[in-house]
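Lettering of chains follows the sequences in order, A, B, ..., and the numbering in each one begins at 1. Basis for what follows: all heavy atoms, side chains included, without hydrogens, waters or symmetry-related copies. Source: prediction; values computed, not measured.
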Protein chains: 2
Amino acid sequence: MARESGETLATVNRAVTMLEMLGTSGPLNLSQIADRMEIGKATASRMLQTLVARDWVVRSADRTYRLGPGVLGLAMWKAPQQHLIGDLRPILDALHDTTGETIHLTRLDGRYVVYVEQIVSQLPVRSAAVIGARSPAHCVSPGLAQLSHLPAEQLAWFLSTPLKRYTPASTTNPEELRRKLETVRERGYAVNLGGYRPDVGGVGAAVVDHNSQLVAGISVCAPVYRLATMDLDSLGVLVSDAASEASRLLDKAASPHG
Amino acid sequence: MARESGETLATVNRAVTMLEMLGTSGPLNLSQIADRMEIGKATASRMLQTLVARDWVVRSADRTYRLGPGVLGLAMWKAPQQHLIGDLRPILDALHDTTGETIHLTRLDGRYVVYVEQIVSQLPVRSAAVIGARSPAHCVSPGLAQLSHLPAEQLAWFLSTPLKRYTPASTTNPEELRRKLETVRERGYAVNLGGYRPDVGGVGAAVVDHNSQLVAGISVCAPVYRLATMDLDSLGVLVSDAASEASRLLDKAASPHG
DNA sequence: GAAAATGTTCCGTAAATCGGAAAAAGTAGT
DNA sequence: ACTACTTTTTCCGATTTACGGAACATTTTC
């Protein structure tokens, strides 16, 4: 074989081909896989054993193979999240440039928001989260923004279980929270002033897809003392516009596949 | 290295490790990846190039790598496909029992149909496809049935590029094909007699969802000599009814999730 | 139970892959 | 624009790995 630059790894290519085949055509048995890939059964057997050992492929009792939780976990959770971050990064950057504050991208997870991505303020006093960390959705601006887009049944469930108090500014009355969320929904953004950490606040808005399904939250997060000096309406419009822009961007990214 | 049975392929293991790492900790640059995996940078570079070439990894302008649409695609294929086959299997079975011929479930993919599922005839002479294989949409009955449900712009695109001839029975004139598709649309089923393989034909109909969006094609496929002995109108109605039943079933299956 | 089909292990050997070093490309600071 | 530094890519000798045919083992079918 000629040694050319840019050649790709044959074994890796074979593994990718096998996984893609199982994805489009699985379940398949060993002979079918070997035939379609035009490789020896011994070769196919070894590769399948390797992928089975890693839970990337599962073998059933009927001796057929299909994709396993290892790769499906990547495909269904990890890859979409990375795409979300990658696609939305320019919008987060722009919002950070405009405000100079810490920007968060979050997703709603049960009763919490999870911090998926952040751009940290360079100001001397700033607020920052840990990626992967969680905050109670009803106490922070990105949570409120996302809750305001929940389908009614899901919101009813959320409001039916006790709302914990973290600070004097936490909202713990379900009816009060419901009214608050209606305001957030109409206005397009949510404000939190010390609802979870007494000295931390933010302004957040929800990113929804073309079916109005909730995708994520974008928020500007800052020390309360600095938020108090800002025109919160203007900031809210800024964040809400960023979220709308994100929604459009996600639509554009999705539609070529239609 | 000792040659032991049950050893797994080192290169495949490295690729799996890399992809999992990108999923968990991505985006990462080449040096980070090489350090964490304790492999040479040259090795990491080659593997990343391979995965980038297959769209399983994408490289950003900032020289970081993250999971790509290829991995994402595994989930997209897997989820809708599994659902589709499972739900429609009883309808395919019934059609096979009634006709005794080979039944195909296909999806339109660009200018081709892809064979997603099949039930093979037990008659001594039969037609069969390979799951995952493709046939040109304009030359086979499930393709014609699905093309007849394409939105106008997509059909215009399809007709604007040359229609390849595979046999004397292939339709290669765009206006002729357009008229044919109008007939198919009105009638509810398509007939192919040797348009792709000279001795193979079929009768197909399209499965559409509640928004009249194209989902799949169902077809009865048989040797031409046997099709010639059948009442093609009756068969067409049978297939068209099966496709309608499939559409109803998919609606029912879809609405609890709404 | 026998035959056929399918899958696994063994082993010689060709092919593939490795990593260090050199070359190329990219970034940051002045 | 230039320079220094960092990161990535390419080259190539050498080693390792992975290949497939054949033998063997297991499972399925009649």
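Under the side-chain contact (heavy atoms from CB on, under 4.5 Å) criterion, Val120(A) pairs with Thr102(A), Gln118(A), Arg126(A), Ala128(A), not counting sequence neighbours. Applying the salt bridge (Lys or Arg N to Asp or Glu O under 4.0 Å) test to Arg54(A) and every residue at least two apart in sequence or in another chain returns Glu20(B). Remark: Lys41(A) engages Leu30(A), Ser31(A), Ala34(A) in a side-chain contact (heavy atoms from CB on, under 4.5 Å) (not counting sequence neighbours). Arg46(A) meets the salt bridge (Lys or Arg N to Asp or Glu O under 4.0 Å) test with no other residue; sequence neighbours excluded. Residues satisfying the salt bridge (Lys or Arg N to Asp or Glu O under 4.0 Å) test with Asp93(B), not counting sequence neighbours, are Arg89(B). Here Tyr112(A) pairs with nothing under the ring pair (Phe, Tyr, Trp, His ring centres under 6.0 Å) rule; sequence neighbours left out.
Between Thr11(A) and dT17(C), a side-chain N or O to OP1/OP2 separation shorter than 4.0 Å is present. For dT10(D), one of the phosphate oxygens OP1 or OP2 lies less than 4.0 angstrom from a side-chain nitrogen or oxygen of Gln49(B). OP1 or OP2 of dG7(C) sits under 4.0 Å from a side-chain N or O of Ser31(A). At the phosphate of dC18(C), OP1 or OP2 sits under 4.0 Å from a side-chain N or O atom of Arg14(B). Using a 4.0 Å cut-off, some side-chain N or O of Ser45(A) falls inside it from OP1 or OP2 of dT8(C). Between Arg46(A) and dT8(C) there is no side-chain polar atom (N or O) within less than 4.0 angstrom of OP1 or OP2.
Listed by first then second residue, pairs satisfying salt bridge (charged side-chain N to carboxylate O under 4.0 Å, His left out) with a partner in residues 23-36 of chain B number zero, not counting sequence neighbours.
For Ile33(B) and dG19(C), the CD1 to C1' distance is 17 Å, given to the nearest whole Å. The CG atom of Leu30(A) sits 6 Å away from the C1' atom of dG7(C) (whole-angstrom rounding). One interatomic measurement links the two molecules: CD of Glu38(B) to P of dC18(C), which rounds to 15 Å at whole-angstrom precision. At whole-Å resolution of the value, NZ in Lys41(B) and C1' in dT6(D) are 9 Å apart. Atoms CE (Met47(B)) and C1' (dA16(C)) sit 12 Å apart, rounded to a whole Å. Atom-to-atom, CG of Leu51(B) to C1' of dT17(C) comes out at 15 Å; the value is rounded to the nearest Å. Counting to the nearest Å, the P atom of dG7(C) and the CG atom of Asp35(A) are 10 Å from each other. Rounded to whole Å, the distance from CD1 on Ile39(A) to C1' on dG7(C) is 14 Å.
A donor-acceptor contact under 3.5 angstrom links the side chains of Asn13(A) and Thr8(A), judged on distance only. No hydrogens or angles considered: a donor-acceptor pair under 3.5 Å links the side chains of Thr106(A) and Gln146(A).
Between Asn29(A) and Gly40(B), the residue anchored closer to the 5' end of DNA chain C is Asn29(A), taking for each the nucleotide with the nearest heavy atom.
Taking five base pairs at each end of the helix from dG1(C)-dC30(D) to dT30(C)-dA1(D), the local helix axes there meet at an angle of 70°, rounded to 10°.
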Collect all protein-nucleotide pairs involving nucleotides 21-28 of chain C in which both atoms are nitrogen or oxygen and the distance is under 3.5 Å.
none

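Closest approach to the Leu9(B) side chain among dT17(C), dT8(C), dA18(D) is made by dA18(D) (side chain taken as heavy atoms from C-beta onward).
A distance of 7.5 Å separates OG1 of Thr64(A) from CG of Asn29(A), quoted to the nearest 0.5 Å.
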